[in-house]
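Heavy-atom basis, side chains included; hydrogens, waters and symmetry copies ignored. A note on names: the letters A, B, ... follow the listed sequences, proteins ahead of strands, and every chain is numbered from 1.
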Amino acid sequence: MALQRDDWLDVARKVDWTYRYVDEREVFPESMSGTPWLPQQAWKDWNEVYRTTYREYVRNQRAKDDALMGARSALSKVSILERLDPGWIQLVKFHQGTFALAEYAAVVAEQRMARFGRDSAWRTMATLGALDETRHGQIPLLMGHDMLPFDGNFDWTHKAYHTNEWLIIAARHLFDDMFLATNAVDLAIQLNFVLETGFTNIQFMAMAAMADRASHHLFEKALASIQTDEARHGQIGHPVLRTLIDNGAKEHAQYLVDKMWWRCWRLFLALTGSSMDYHVPLSARGRSYKEFMQEWIIEQFTKNLAEFSLARPWFWDLFIEELDYAQHSFQLGLYAYRTTLWFDVAMPNADERRWLSEKYPDWNKIYGPIWDTLERRWQQEGEGSTLAYTLPPLCNLCQLPTLFMRPGKNTACTREISGRKYVFCSEPCRWIFEKELSRFAGHTSVVDRIVAGATPGNLPDLLKWMGLQAPNETGKDLRRGLDRWRLEPVPKV
Amino acid sequence: MPSVVYLFGFMSDDFVGRFLVTPSDQTIERLAEQLMSWGWNPEAGGPYRVTNEAGIVLDRRITIAQAGLCSGDLFNVDRG
């Protein structure tokens, strides 16, 4: 008689054994398994809430992929894409470029836990997680491929992480730190606990809701399908965190949470914040990025912290303050430096400005005059006068421009170490950098490389170095495009 | 012999810091004007003050070197 699922699953999940020929520390070296190193006995109560067998996994994933492929065959026609809002198309291009290959990096992360996680149930979950992340890389790559006949820049879905484009360097810096250059314990807290139970909700659930309202139903279904996987393997983080805290490593756990919260906040405001508040068509917006953050991230994450008696990150007040302005400064930065991007950037129109003022009461006072100036300059002097020609300082931790300032407050700061000056966009970025000097101090930002002469200092050569072919491949004003002269062939004698 | 330094300037009515390369014997006033000319509101006049990272107000008549600014330092220009 065949055993029922519940008769064998617990036995199959827990197959840790005592090693006779090698030491446990050799099987699970601290450098790969994580700190503090604890004997297996300390991990024996590691349990995931929702248990899955491999058979169930395959059946569920096959059903999800069937549904997605069915939607793809019906909804990926160019005629359907042509009806999408132009701003939405740019948002998707931005999303695909920054997430598709990051998901492949997450495969490596899950596989590291599948080998070096300290309990077999954890390793089993991570094995399924690696399969999930493979799927999460494949789905956007396929969708990006389907969109190529509509817009050739969708090749950045695959290409982006193979370039030196500055925004991609910032994303790569974070994902290298979080996914690739770390051990199983830190991965579980950084990737599973902070990113997947925190920030991916906004990227995959809130964005899916917007995709539905923007009539991009294939994108909606892809995001929602991905998020169901994230929710399952995201639960790896909780029991790892519990084990650390129960074994006297609360301080280390708090540091990892604080560090990755800030790093995720920085990257997500750049990718998701500016997209939600500026590129989603007005009819599909509903809530602002700040409102989504408050409802979907802050509320839930605060509950998670309380569950483990962890404190809110020490920079919480700055984070809350930044919800009102960081993504707006960043959008201005994207706009002014749009020729260094692979997607087009929106200048908010009158209706969008009204919406922004409703959602952010200080928006018009702080950002309205700058957009007014850009508008006036375009009308009077043309496109060229709306571009920035100076280099922005790039943060030596997050690699983003130091543009999180507003009247009366400049959060940028510096630090000199061994004769080298470093600049940071904010105190939390400097704090993380100082905590892990040996990890970060050797890296050079794009601006550092330009100063050292290692990277071209003139724009045409710099764009080539970043993998961008101007002007066709580089970002434009979403609604105005390029000045005509930039597309006309150079006259010949 | 004046040297060339690179500095990071932040103006209160701008949204991004700006990278400037300038001789160290340039005055603070000239440095601030250079930053303002690169910003979004170069024609706006009016009073302003220049501070270093520690918040110390810098005398506009002295040079960058005399003000103690070296390569990689940041400074702020606050209008109004």
Distance in Å, [X] [atom1] paired with [Y] [atom2], rounded so as to fall on 0.5 Å steps:
X: A:Leu403; Y: B:Arg18; atom1: CG; atom2: CZ; result: 10.0 Å
X: A:Ile366; Y: B:Asp13; atom1: CD1; atom2: CG; result: 12.5 Å
X: A:Thr390; Y: B:Asp14; atom1: OG1; atom2: CG; result: 8.0 Å

Heavy-atom proximity to chain B below 4.5 Å, by part of [X]:
X: A:Ile370; value: side chain
X: A:Arg377; value: side chain
X: A:Thr402; value: both
X: A:Arg415; value: neither

Inset, instruction - Examine whether an atom of B:Asp78 lies under 4.5 Å from a heavy atom of chain A, and if so say whether it belongs to the side chain, the backbone or both; otherwise answer neither. - result: neither

Legend entry - Proximal component of B:Trp40, with respect to chain A [non-hydrogen, under 4.5 Å]: both

Legend entry - Heavy-atom pair count under 4.5 Å with chain A, highest-scoring of B:Cys70, B:Gly17, B:Gly39, B:Ser71: B:Gly17

Legend entry - Sequence-distant partners of B:Thr63, side-chain contact (heavy atoms from CB on, under 4.5 Å), two or more places apart: B:Ala65, B:Gln66

Legend entry - Passing option when B:Tyr6 is tested against A:Val451, A:Val447, A:Ile450 for side-chain contact (heavy atoms from CB on, under 4.5 Å): A:Val451

Legend entry - Selection residues 59-80 of chain B - residue pairs positive for ring-ring contact (aromatic ring centres under 6.0 Å, His included), sequence neighbours left out: none

Inset, instruction - Over all heavy atoms of both residues, which pair between B:Phe15 and A:Ser329 is shortest? Give the atoms and the distance, please. - result: CD1-O, 3.9 Å

Inset, instruction - Indicate the atoms forming the closest heavy-atom contact of B:Val16 with A:Pro401, along with that distance. - result: CG2-CB, 4.5 Å

